[in-house]
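These notes concern the structure reproduced below.
Every chain is numbered from 1, with letters handed out A, B, ... down the list of sequences.
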Amino acid sequence: MTIMLQIKDLCHSYRNEQNETLPALDHVSLDVAAGQFLAVIGRNGSGKSTLAKHLNALLVPDAGSCLVNGMDTRNTALLWDVRQTVGMVFQNPDNQIVASLVEEDVAFGPENLGLPPAEIQRRVTDSLEMVGMTEYRLHAPHLLSGGQKQRVAIAGVLAMKPRCLVLDESTAMLDPVGRSEVLAAVCKLHRQQGITVVLITHFMEEAVEADRVVVMDAGRIIMDGDPATVFSQVECIRSLGLDVPVAADIAARLRQKGIDIPADIIRDEELAVALCR
Amino acid sequence: MSIELQNISYTYMPGTPYCRDALLDVSLKIERGEFIGIIGHTGSGKSTLVQHLNGLLRPTAGTVSLDGANMHERKQALKSVRQKVGMVFQYPEHQLFEETVFDDVAFGPRNLGLSDEDVQQRVESALECVGLSVADVAKRSPFRLSGGQMRRVAIAGVIALRPEYLVLDEPSAGLDPCGRDEIYAQILQLYRTSGMAVVLVTHNMEDVARMAKRLLVMDHCRIRFDGPPVDLFHDETIQLRDFGVSLPHVTSLLKTLRAHSLDIDDTLQDEEVVVEAIRSALKRKRDSSC
Ligand SMILES: Nc1ncnc2c1ncn2[C@@H]1O[C@H](COP(=O)(O)OP(=O)(O)OP(=O)(O)O)[C@@H](O)[C@H]1O
Ligand SMILES: Nc1ncnc2c1ncn2[C@@H]1O[C@H](COP(=O)(O)OP(=O)(O)OP(=O)(O)O)[C@@H](O)[C@H]1O
Ligand SMILES: [Mg+2]
Ligand SMILES: [Mg+2]
């Protein structure tokens, strides 16, 4: 098993306006195997985006280390390779728009990889298709609606075909249908091409789709396990400012009332089967 | 007391290659005291529509009026619109601009000409309302906060205005689940005690199902549905997918249970009520099978 992301005792602090240090990551250790689909959840300000920024060397550790496919993010000579390995989509797509046409925007990454024009065209076409933005190919990206911009930003990263994809709340502005389509496209890449996925989200139903869920609080990882294990700890999850999927919530309440239901229910279908057997 | 849109259309960048229709012949009346949800797929025109409510956009055709006065006829009218209609934008970065969180939230109240004391008091209660501690954030730059913290500041800035109409464009995007619940609880509290109107644009079906009394569905520049949420979510003839919307989670869970032939009412919402209904459905099933 190869390890895609190897984070060891990582610490990171910001400085505020008064030059005081604000710790944002506090001795975080995390190994993510190549091909794993990891969801990261945690309340506002818990350190998720800060962690994500270490994964493609936008930030480097104050202490501890962060290795991407074996490459130390502190080694500036490897910066290019790190960024090529880890593709990242941020919370606000405005910060990522670089060109005046959607297709140029999506082509920007692949062009920087020095790919031949025919390959670039193919990737642009495929990625726009994957996010359902084909008909906007010749539009100006900064004039799109909030959700449309987000889709373009995701297409731009998909076109780079990174081995590891980091999505930092990148579907927050999509309608429910669009969100499930984009998530399905990501799952497909993960399954078919073995891409490592780190999905940061406030949607618990999205986290359920991952192989593994990591919960952050106050700059630390405090839960780590498969979705069924994590979301069956309803009380603990709630105390962290989070929620559990509806099926897990109802299952836990039924169990409290003495109804015999397995502890690992997190999906609607599982609850239905357990109740109607 | 109402905001009224009469046959408005809006085209972005008319007469250029980027020209794009965003609203076509939309009419809508919003009364004080209403709680309206607006849903619909990406690009359907929701943000464009709500930016007409505070006069930020001027319709290409049709009129927008507040309490009977056309917003765009006199300069004075627009000023009173800005005081009465508070708007939280889809991306909070677009509305934060001051150097400190305090100044940012204080901007609206200061513009109303309130005394320093009153401004201070409003800022503190607004920050508290969105779950931020004054001591922690007041002196910080709003641009150096986490995504969810920034959104909270943007919401606080508008709450501090105490508007008569509160327009929220995707306010819960980026908020953690508890933060979302807390802020909505506060907004509901304000709504109930102040008699203001709330217009909530969201992709979150739970939010509208739980709170909105009236729901609008936008699709391709037009309002395609206008009625109570239950009428939309329980009308089998409406293809929600075509509108880019879905069922609230609880509703789709209940429908799944029904599909597995559990006899249960799928219009329920409250989790405790759902649990009780499941228990009695199970009991009925047991009784009838023996
Ligand atoms: N540029 C910055 N300067 C100073 N402090 C910052 C900066 N960016 C983030 N912080 C602080 O660091 C902490 C962690 O922020 P981070 O953005 O990693 O949180 P998050 O888990 O992504 O939150 P959210 O769910 O709101 O996006 C927060 O307390 C935040 O206020
Ligand atoms: N500044 C602009 N210039 C040109 N066209 C625009 C501009 N803003 C939005 N549009 C276009 O107008 C249409 C409606 O956009 P609007 O932002 O109102 O959609 P929305 O329903 O709010 O979408 P979302 O759910 O993604 O926020 C879209 O087709 C969009 O591409
Ligand atoms: Mg974040
Ligand atoms: Mg919008």
Highest number of heavy-atom pairs under 4.5 Å with chain B: which of A:Glu269, A:Lys257, A:Gln150?
-> A:Lys257
Count the heavy atoms belonging to other residues, nucleotides or ligands that lie under 6.0 Å from CZ of A:Arg220, then report whether that count exceeds 12.
-> no
Answer key: most heavy-atom pairs under 4.5 Å with chain A among B:Leu145, B:Leu282, B:Val274, B:Leu240 is B:Leu282
B:Glu182, B:Arg20, B:Arg151, B:Gln149: which one forms the most heavy-atom pairs within less than 4.5 Å of chain A?
-> B:Arg20
Is there a side-chain contact between A:Val273 and B:His260 (heavy atoms, below 4.5 Å)?
-> yes
Heavy-atom distance under 4.5 Å between the side chains of B:His203 and A:Leu174, does that happen here?
-> no
Checking A:Gln148 against chain B: side chain, backbone, both or neither under 4.5 Å from a heavy atom?
-> both
With a 4.5 angstrom heavy-atom cut-off, which part of B:Ile39 approaches chain A: side chain, backbone, both or neither?
-> neither
Can you see which heavy atom on A:Gly42 is nearest to which on B:Asp176, and at what distance?
-> O-CB, 4.5 Å
Taking side chain as C-beta onward, heavy atoms only, is A:Leu254 less than 4.5 Å from B:Ile278?
-> yes
Does A:Met204 reach the side chain of B:Pro177, with side-chain heavy atoms less than 4.5 Å apart?
-> yes
Could you tell me which of B:Cys178, B:Gly148, B:Gly244, B:Ser146 has the largest number of non-hydrogen atom pairs under 4.5 Å with chain A?
-> B:Gly244
Does any heavy atom of chain B fall under 4.5 Å from the side chain of A:Tyr14, the backbone, both, or neither of them?
-> neither
Reported CG-to-CD1 distance for the pair A:Leu275 and B:Ile264, which is rounded to 0.5 angstrom | 8.5 Å
More than 12 heavy atoms of other groups within 6.0 Å of B:His234 NE2 | yes
Mind ranking B:Gly174, B:Gly147, B:Ala173 by heavy-atom pairs under 4.5 Å with chain A and telling me who comes out on top?
-> B:Gly174
Counting heavy-atom pairs under 4.5 angstrom with chain A, the leader among B:Met13, B:Arg241, B:Arg180 is B:Arg241
Inter-chain contacts: residues 43-52 of chain B against chain A, heavy atoms under 4.5 Å = B:Gly43
Greatest number of heavy atom pairs closer than 4.5 Å to chain B - which of A:Glu169, A:Arg267, A:Glu205 | A:Glu205
Got a sec: does the NZ of B:Lys255 have more than 12 other heavy atoms crowding it under 6.0 Å?
-> yes
Nearest 0.5 Å please: distance from the CD atom of A:Glu270 over to the OG1 atom of B:Thr256.
-> 11.5 Å
Side chain, backbone, both or neither of B:Tyr12 within contact of chain A (heavy atoms, under 4.5 Å) = neither
Say you draw a straight line from OH of B:Tyr18 to NE2 of A:His142; how long is it, rounded to the nearest 0.5 Å?
-> 7.0 Å
Could you please state which residues from residues 238-245 of chain A sit under 4.5 angstrom from chain B, measuring non-hydrogen atom to non-hydrogen atom, sorted by number, or 'none'?
-> A:Arg238, A:Gly241, A:Leu242, A:Asp243
Highest number of heavy-atom pairs under 4.5 Å with chain B among A:Pro176, A:Ser145, A:Gly147 belongs to A:Pro176
Top residue by heavy-atom pair count (under 4.5 Å) with chain A, among B:Glu271, B:Glu276, B:His41?
-> B:Glu271
Calculate, to the nearest 0.5 Å, the distance between atoms CD and CE belonging to B:Glu170 and A:Met173 respectively.
-> 5.5 Å
Between B:Arg144 and chain A, which part of the residue has a heavy atom less than 4.5 Å away: side chain, backbone, both or neither?
-> side chain
Heavy atoms, side chains only, cut-off 4.5 Å: are A:Asn44 and B:Arg152 in contact?
-> yes
